[in-house]
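Let me begin by presenting the structure, written as structure tokens, before commenting on it.
Treat the numbers as computed from the prediction; the structure is a model and nothing was measured. Keep in mind that the numbers below use all heavy atoms, side chains included, and drop hydrogens, waters and symmetry copies.
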Amino acid sequence: MSETVEIPVEWHEHIHPRRGGIPGPPVSLDEGAAERARAWDLAARPIAEEMGEHERTDPELGRALRVWLDGEPDPAGAAAAAAVAVKYLDGVDGPAFLDAWALDHGLAFAACAVTEAFSIEPGPVPPPPTPMSGGVVRFVAYIGGERSRGWRGEIRRSTHRDHFPVGEWVAQDAVVKKLRTLLAAAPVDEYNDAVACLSRHRGDAWRQRVAAYLVPTETAWLDGSPDRSSGSTNFEFRVCSLSSAAQIGGLSWIPVTPAVMGTLLDGLGTDALPLLGIALRNVRDRDEARPIVLRALVRIADEAVFPLLLDHMGEQGVPAALQEAAERHPEHALRALAPLVGGDTTRGLQAAGTVRGLLYARPDLAEAVPQESVEALLPRPAVPDSADLPDVLAGKPARGAKTDWADPALLPRILTRGRDRALPASATRRLIGLLARKAPEAAEVRAFCDRHSLAEFSWAVFERWQALGAPTRHNWALAQLGLIGDDTTVRRLSPLIRLWPGQGLTARAAAALDVLAAIGSDVALTHLFELTRRGRYKGLKARAARTIDEIAAARGLTRDALADRAVPDFGLDERGTLVLDYGPRRFTVTFDEQLVPLVVEANGKVRKSAPKPGPKDDPALAPAAHALFTGLRKDLRTIADQEIRRLELAMTTRRTWTPDDFQTLFVDHPLLGHIVRRLVWTTDAGTAFRVDEGRDYADVADDPFTPAPGARIGIAHPVLLGDDLRAWAEMFADYEILQPFEQLGRPVHRLTEDERAAHRLDRVEGLVLPYGKAKGHSQGRWESVDADGGFAGGWLARRDPAGLYVVVELSPGLAHYMYGEGEDQEIKALWAGPAPAREPKDTVPLGRVDPVTMSEAVHDLVRSAT
């Protein structure tokens with residue numbers, strides 16, 4: 001036992017006082033029961049005599065039984081006689097044998113007799129289970145009360161085939177527990193005699209288990225004991241005899257009762273934790289057992305308790321147990337949970353909510369863990385209360401179960417706009433009440449409070465809700481993020497939205513999408529768009545798409561137009577750069593062709609990340625600048641790839657913009673301007689141009705160019721550049737301009753004159769696509785959905801801007817639910833028409849299809865073919 005734990009008084013049933021525990025309830029012998037047992041012994045004697053003389057009797061047990069019949073107090077013979085009684089006599093009171101043996105022959109004899117009874121069986125060994133038709137398995141067990149004389153006379157040791165051991169009748173749970181209590185209270189000499197006697201009768205696994213339970217002071221008796229033996233009671237005895245972690249062995253289940261839990265805590269202390277973890281996993285659906293395990297867990301002062309509880313936070317009672325364990329053992333909780341704080345996981349939220357509550361209640365506990373690991377959760381220096389409050393925060397705050405768990409004393413204080421005052425506790429409670437009612441007027445406090453401070457408070461409420469198990473009756477703790485959260489809230493929430501459907505929390509993920517919509521910033525919209533593109537859960541992606549469509553409709557925009565206007569500028573200056581001010585040092589942030597931020601030092605040296613603040617840097621400016629860069633880089637991991645892919649899609653779908661929108665949304669945008677200058681653009685009249693470093697337009701000859709006021713501007717697909725493609729490629733090479741995606745170097749597939757007039761494209765017929773790639777096409781820019789919205793599978797189709805379809809007929813066709821594996825798909829035909837179909841129908845000359853769509857279609861097929 002590695003550490004003492006507090007054990008509830010009512011759990012002392014199994015605890016052995018000689019092992020250092022608390023004495024169990026008093027117990028005494030029953031003279032009347034003993035007398036009845038002696039009478040039954042006499043009634044069983046004729047049968048015992050027959051068994052003792054039978055030629056098939058186990059020789060060792062036969063001799064022991066003969067000794068008993070001759071009147072000698074042999075424990076094995078007494079146990080054999082008890083086995084006879086239970087098998088052949090009705091109404092026998094098993095516990096009475098214990099009283100008779102102890103009164104007549106002493107506790108040492110009684111202990112050995114009970115131990116022997118565990119491994120003695122009358123009758124032959126049952127035949128092994130026999131498989132039968134219909135999956136039924138037939139097995140034989142000899143049940144007490146049988147009077148068949150076909151196997152009378154057999155006495156033997158138990159085997160693993162004894163599915164219902166008869167010996168447990170006389171050595172049943174109550175008998176052995178009573179005997180253990182009697183031995184615990186016996187004088188030293190009598191106890192030592194029992195230990196000596198038992199040491200000679202330990203024998204097989206059944207007897208070893210009982211002997212170790214009866215005298216758990218002999219801790220070595222359980223070392224090397226087999227992990228399995230018949231009988232649940234027998235198994236419980238082994239569990240209650242454990243005294244060291246080494247004896248746990250391969251246990252994969254333990255009985256869950258208060259007595260067993262108390263004995264484990266007494267015998268193993270903190271070493272009982274692995275077994276309690278096993279018990280918690282095995283009682284997931286047993287509400288009557290889980291509270292017992294949790295009550296034991298919270299009494300163990302060990303850091304490993306807390307990750308274990310976090311693993312089961314979705315189960316009833318566990319969140320409350322986590323809070324109780326943290327209050328009982330705060331230093332262990334801090335050391336265990338502080339490393340888990342942060343990160344984009346529910347587990348990190350739960351840890352943060354618990355740690356913050358501990359640190360706010362007892363700030364001195366911060367000394368138990370490295371300061372940097374909990375710095376963000378520590379109480380901030382006190383500032384005076386604000387006396388001037390907005391009307392929305394005036395008045396007496398409401399109290400109740402819906403909000404009392406969000407105690408302002410355990411949450412960050414909300415600073416006013418000037419950051420030199422804070423909301424008093426009453427105003428904070430008033431705000432919490434508004435948030436709990438999901439009252440829109442709660443958003444009015446944003447004009448009065450410091451936004452960052454308000455958002456940190458909002459997130460702390462959300463963390464505490466998570467630490468309490470996120471009870472649905474308090475789901476306002478999620479909704480309130482949309483009322484007073486900010487872009488930092490968005491960045492923290494988005495990774496969780498992706499995880500929750502896989503944790504069975506689809507409804508919570510959907511509610512979190514509404515939070516992003518309520519925040520409504522460019523960053524929030526960008527993350528919503530990202531959720532429609534990535535992730536494993538189609539339902540979540542579809543729900544995010546509906547949310548975007550609702551926002552776009554409310555603003556009178558299309559989804560694409562909303563995406564154009566939702567790209568954050570991240571505070572970049574008009575040149576698209578950001579200055580990091582460390583005080584004595586300054587750095588400029590710029591971007592490469594993939595929008596990866598680069599840090600440029602004053603001497604021109606380029607770094608991939610911002611330097612850590614040094615001792616000579618300004619103690620306030622440098623950390624803030626470093627944090628700014630860290631946040632920017634994290635945001636761009638989400639946004640950069642999304643925007644690059646969006647522009648590549650715009651090129652392949654021939655999307656265009658007016659000159660004014662092009663200038664405003666792209667050329668002048670501080671972030672997207674870095675991409676715009678790395679692409680070739682074109683007007684609907686066919687004139688290609690680029691945007692130079694000064695944001696001026698220039699054609700292929702590098703002469704100034706101005707689009708006509710009524711022109712439409714799009715990204716030039718190389719198939720449209722014709723003979724100028726080579727010139728553009730050489731210019732970009734000369735200027736060392738790297739492109740964000742494959743444009744000028746993109747493979748081009750132009751139709752010949754004969755192919756333009758044809759209705760089928762012979763050059764791709766016969767190509768074979770691996771199943772996975774063909775299935776992937778059906779989930780991407782191609783489609784395989786019939787007119788009724790069902791999965792077609794026999795074809796892939798790609799629509800051009802004018803509404804014509806390029807259709808590929810597949811053989812044998814794609815399966816609806818199969819991913820990754822399946823038959824290769826042969827292209828039987830490629831044709832074009834007004835609607836996709838299984839076979840060519842209403843076909844048109846291929847030359848009528850948009851050349852960009854045709855080039856991309858052929859490129860996809862050729863690249864994917866084996």
Side-chain angles (χ1 to χ4, degrees), residues 349 352-353 355-363 375-468 473-493 511 514-521 523-524 620 624:
L349 285 174
V355 169
R356 190 192 298 274
L358 287 173
L359 293 176
Y360 273 69
R362 288 186 52 189
E375 183 176 1
L377 303 176
L378 288 170
R380 297 295 180 231
V383 296
D385 286 349
S386 174
D388 182 20
L389 297 174
D391 292 341
V392 72
L393 297 180
K396 185 178 180 180
R399 301 293 295 269
K402 194 170 186 178
T403 59
D404 280 353
W405 60 268
D407 185 354
L410 302 179
L411 298 167
R413 299 195 70 189
I414 303 173
L415 302 181
T416 59
R417 177 73 68 176
R419 297 186 62 84
D420 59 344
R421 293 289 187 275
L423 295 186
S426 60
T428 304
R429 287 193 180 278
R430 172 73 174 167
L431 174 60
I432 291 173
L434 294 173
L435 296 174
R437 298 200 307 272
K438 303 177 184 178
E441 57 265 31
E444 296 176 17
V445 302
R446 291 183 296 187
F448 178 77
C449 298
D450 172 67
R451 286 303 307 275
H452 175 73
S453 171
L454 190 62
E456 287 299 304
F457 169 84
S458 175
W459 190 256
V461 171
F462 177 64
E463 285 178 336
R464 181 150 183 79
W465 177 62
Q466 290 285 334
L468 297 175
R473 65 183 181 277
H474 300 318
N475 61 7
W476 64 266
L478 173 59
Q480 58 88 25
L481 295 173
L483 290 172
I484 58 175
D486 63 3
D487 288 345
T488 303
T489 307
V490 173
R491 298 175 189 119
R492 290 167 166 172
L493 191 58
D514 293 337
V515 169
L516 298 187
I519 292 175
S521 66
V523 171

Candidate pair Ile484 and Leu435, rule side-chain contact (heavy atoms from CB on, under 4.5 Å), full reasoning: CA-CA 9 Å; Ile484 58 175; Leu435 296 174; 3.8 Å; yes

Nearest atoms (heavy-atom pairs only) where [X] meets [Y]:
| X | Y | result |
| --- | --- | --- |
| Val392 | Val445 | CG1-CG1, 3.7 Å |
| Pro379 | Leu359 | CG-O, 3.9 Å |
| Ala401 | His474 | O-CE1, 3.3 Å |
| Tyr360 | Leu378 | OH-O, 3.8 Å |
| Ala477 | Leu481 | O-CG, 4.0 Å |
| Ala427 | Leu393 | O-CD2, 3.8 Å |

Enter the distance from [X]:[atom1] to [Y]:[atom2] here, rounded to the nearest 0.5 Å.
| X | Y | atom1 | atom2 | value |
| --- | --- | --- | --- | --- |
| Ser386 | Arg417 | OG | CZ | 13.0 Å |
| Ile414 | Cys449 | CD1 | SG | 5.5 Å |
| Asp407 | Ile432 | CG | CD1 | 8.0 Å |
| Leu493 | Leu478 | CG | CG | 6.5 Å |
| Leu415 | Phe448 | CG | CZ | 11.0 Å |
| Trp465 | Gln480 | CH2 | CD | 10.0 Å |

Side-chain contact test, heavy atoms from C-beta onward, threshold under 4.5 Å: evaluate it for [X] versus [Y] and give yes or no.
| X | Y | value |
| --- | --- | --- |
| Ser458 | Leu483 | no |
| Lys438 | Asn475 | yes |
| Thr428 | Phe457 | yes |
| Trp476 | Lys402 | yes |

Please check this pair: side chain of [X] against backbone of [Y], looking for a donor-acceptor N/O pair closer than 3.5 Å.
| X | Y | answer |
| --- | --- | --- |
| Asp486 | Thr489 | yes |
| Arg464 | Trp405 | yes |
| Arg421 | Val383 | no |

Sequence neighbours excluded - side-chain hydrogen bond (donor to acceptor under 3.5 Å, both in side chains) pairs with any residue from residues 439-453: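 The answer is Arg419-Asp450.
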
Residue pairs, two or more places apart or on separate chains, that pass side-chain hydrogen bond (donor to acceptor under 3.5 Å, both in side chains) and touch residues 388-398: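 Qualifying pairs, neighbours excluded: none.
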
Partner set under side-chain hydrogen bond (donor to acceptor under 3.5 Å, both in side chains) for Arg356, not counting sequence neighbours: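 For Arg356, the residues satisfying side-chain hydrogen bond (donor to acceptor under 3.5 Å, both in side chains) (neighbours in sequence not counted) are Glu463.
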
